[in-house]
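Following: one structure in structure tokens, then a few remarks.
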Amino acid sequence: MTLPARAAALAPAVLFASLLTGTGGAQAAGAGALPSVSMEATVAGVLPSVSMEATVKAAQIDPRRHDSTLTPGAKDSVLLVEQALRDRSLLDAKWVDGYFGTTTVAAYAKYQKSLGLTGLDANGLPGKASLTKLGAGRFKVTAVIDPGGRVSTGGFVVNARTDGMLTEAERLLGRELVLDQGSYNPGGDPTSAGTHDGGGVVDVSVAGMSAATRTAVVRALRVVGFAAWVRSPQQGDWPWHIHAAAISDPSLSSQAQHQVGDYYLGLNGLAGRGKDDGPAVTIRTWEEYRRR
């Protein structure tokens with residue numbers, strides 16, 4: 001449900017766009033069903049594209065909204081995904097609206113489970129393998145996000161994507177970052193409320209850092225694609241640290257997905273959903289940062 005489809009040729013793109021005209025809306029509004037795209041794509045001879053980057057972004061943001069605003073650039077891709085879920089009887093037609101809200105996330109998680117996937121692989125975020133299977137004969141998957149395998153850094157487990165992001169943040173800062181907690185750590189720290197259960201999430205030690213340095217570290221982490229904040233003892237039962245969640249990591253736990261969505265909406269990622277208290281930067285994913 002995020003970024004627009006990139007048509008391979010003008011005529012098929014215009015044909016497909018005309019089929020969707022006037023059928024937008026949002027889940028909260030209960031929009032009507034849209035026609036399946038598979039027949040039109042076959043007639044045109046070119047499969048439309050679904051951006052994995054776009055759909056994952058929408059799946060993080062839309063469930064956290066208080067209204068039915070669509071994630072910019074996500075509608076075309078999300079519609080294709082929702083149509084495919086509808087045709088598998090996993091999503092009611094009224095939710096085929098370009099909005100990747102909680103209903104669509106739940107439907108996608110059910111689809112992942114139907115493939116035999118469990119745990120983080122059935123978290124409701126579109127992954128490359130599941131999205132490709134869903135789109136067979138209907139759409140092609142572009143802008144793939146690959147978290148990579150698990151690696152060890154500083155004695156903690158993260159995935160290759162997160163490790164690359166941390167390395168780039170260190171380069172920007174000109175200093176090494178020391179972790180207090182890594183990823184894939186279910187139950188490792190009860191105060192983390194499940195955010196570290198999946199991939200993409202780390203806590204950075206602030207030992208010996210001044211307030212200005214802590215802010216600089218958060219800024220660098222945000223620049224390379226993390227939703228990051230300084231956490232203080234006044235905010236919860238934890239010591240001073242920096243909490244960072246890699247935006248659009250397909251292996252994020254549901255709790256971390258919510259934090260990322262809140263970050264896009266200008267919030268602090270805590271249960272109280274207060275105003276963001278970190279440095280202002282242009283929000284980008286790791287992939288967007290590398291393309292800038």
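Every heavy atom of this structure was used, including side-chain atoms; hydrogens, water molecules and symmetry mates were not.
- Applying the 6.0 Å contact sphere to CZ of Arg88 captures more than 12 heavy atoms from other residues, nucleotides or ligands.
- Remark: the backbone N or O of Val223 is not paired with any side-chain donor or acceptor of Arg219 at under 3.5 angstrom.
- Of the possible polar contacts, one joining the Glu288 side chain to the Thr285 backbone as a donor-acceptor pair under 3.5 Å is found.
- Note that Arg231 lies outside the cation-pi zone of Trp240, set by a 6.0 Å cut-off to the ring centre and a 45° limit from the axis.
- The pair Arg138-Asp87 counts as a salt bridge, with a side-chain nitrogen and a carboxylate oxygen less than 4.0 angstrom apart.
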Discussion item. Asn159 vs Asp249, test: side chain to side chain donor-acceptor pair (under 3.5 Å). Steps then yes/no.
Written reply: CA-CA 10 Å; Asn159 60 45; Asp249 187 311; 2.8 Å; yes
Item to complete: Begin with the C-alpha distance, continue with both residues' side-chain angles, and end with the deciding distance and a verdict on side chain to side chain donor-acceptor pair (under 3.5 Å) for Ser51 and Glu53.
Response: CA-CA 5 Å; Ser51 167; Glu53 286 187 25; 5.4 Å; no
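- The pair Lys75-Glu82 fails the salt-bridge criterion, with no side-chain N (NZ, NE, NH1 or NH2) lying under 4.0 Å from an Asp/Glu carboxylate O.
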Discussion item. Apply salt bridge (Lys or Arg N to Asp or Glu O under 4.0 Å) to residues Arg161 and Glu287 and explain how you reach the verdict.
Written reply: CA-CA 10 Å; Arg161 181 177 184 265; Glu287 290 72 26; 2.8 Å; yes
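- Annotation: cation-pi pair Arg292/Tyr289 present, NZ/CZ under 6.0 Å from the ring centroid and within 45° of its normal.
- A donor-acceptor contact under 3.5 angstrom links the side chains of Thr213 and Ser210, judged on distance only.
- Counting heavy atoms from C-beta on, the side chains of Leu265 and Arg273 come closer than 4.5 Å.
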Item to complete: Applying side chain to side chain donor-acceptor pair (under 3.5 Å), run through Ser183 and Arg150 and close with a yes or a no.
Response: CA-CA 9 Å; Ser183 308; Arg150 301 186 188 188; over 6 Å; no
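- Checked by atom type and distance alone, the side chain of Tyr111 pairs as donor or acceptor with a backbone atom of Leu134 at under 3.5 Å.
- Between Trp229 and Tyr263, the gap from one ring centroid to the other is short of 6.0 Å.
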Practice prompt. Would you please test Leu120 and Tyr184 for side chain to side chain contact (heavy atoms under 4.5 Å, CB included) and show each step?
Written response: CA-CA 9 Å; Leu120 297 173; Tyr184 308 106; 3.7 Å; yes
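- Side-chain contact between Ser248 and Val260 is absent, with no heavy-atom pair separated by less than 4.5 Å.
- Although no hydrogens or angles enter the test, the distance criterion places a donor-acceptor pair under 3.5 Å between the side chain of His241 and the main chain of Pro239.
- Judged purely by atom type and a 3.5 angstrom limit, Gln259 uses its side chain to pair as donor or acceptor with the backbone of Gly269.
- Judged by distance alone, the side chain of Glu170 and the main-chain N or O of Leu177 form a donor-acceptor pair under 3.5 Å.
- Residues Ser77 and Thr55 approach most closely at CB-CG2, 3.7 Å, considering heavy atoms.
- For the pair Tyr264/Ile247, a side-chain contact is recorded, criterion being any heavy-atom separation below 4.5 Å from C-beta on.
- Within the 4.5 Å cutoff, the side chain of Tyr108 has heavy atoms near those of the Val81 side chain.
- The distance from the OG1 atom of Thr153 to the CG atom of Asp163 is 5.0 Å, given to the nearest 0.5 Å.
- In terms of heavy-atom proximity, Gly137 sits nearest to Leu47 at O-CD2, 3.6 Å.
- No side-chain donor-acceptor contact under 3.5 Å links Gln112 to the backbone of Leu117.
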Discussion item. Under the criterion side chain to side chain contact (heavy atoms under 4.5 Å, CB included), I'd like the reasoning laid out for Val224 against Arg290: C-alpha separation, chi angles, the key distance, then a yes or no.
Written reply: CA-CA 8 Å; Val224 302; Arg290 298 177 72 183; over 6 Å; no
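- The pair Asp62-Lys57 does not meet the salt-bridge criterion, since no charged nitrogen lies less than 4.0 angstrom from a carboxylate oxygen.
- If you take CD on Glu176 and OG1 on Thr167, they are separated by 10.0 Å, rounding to the nearest 0.5 Å.
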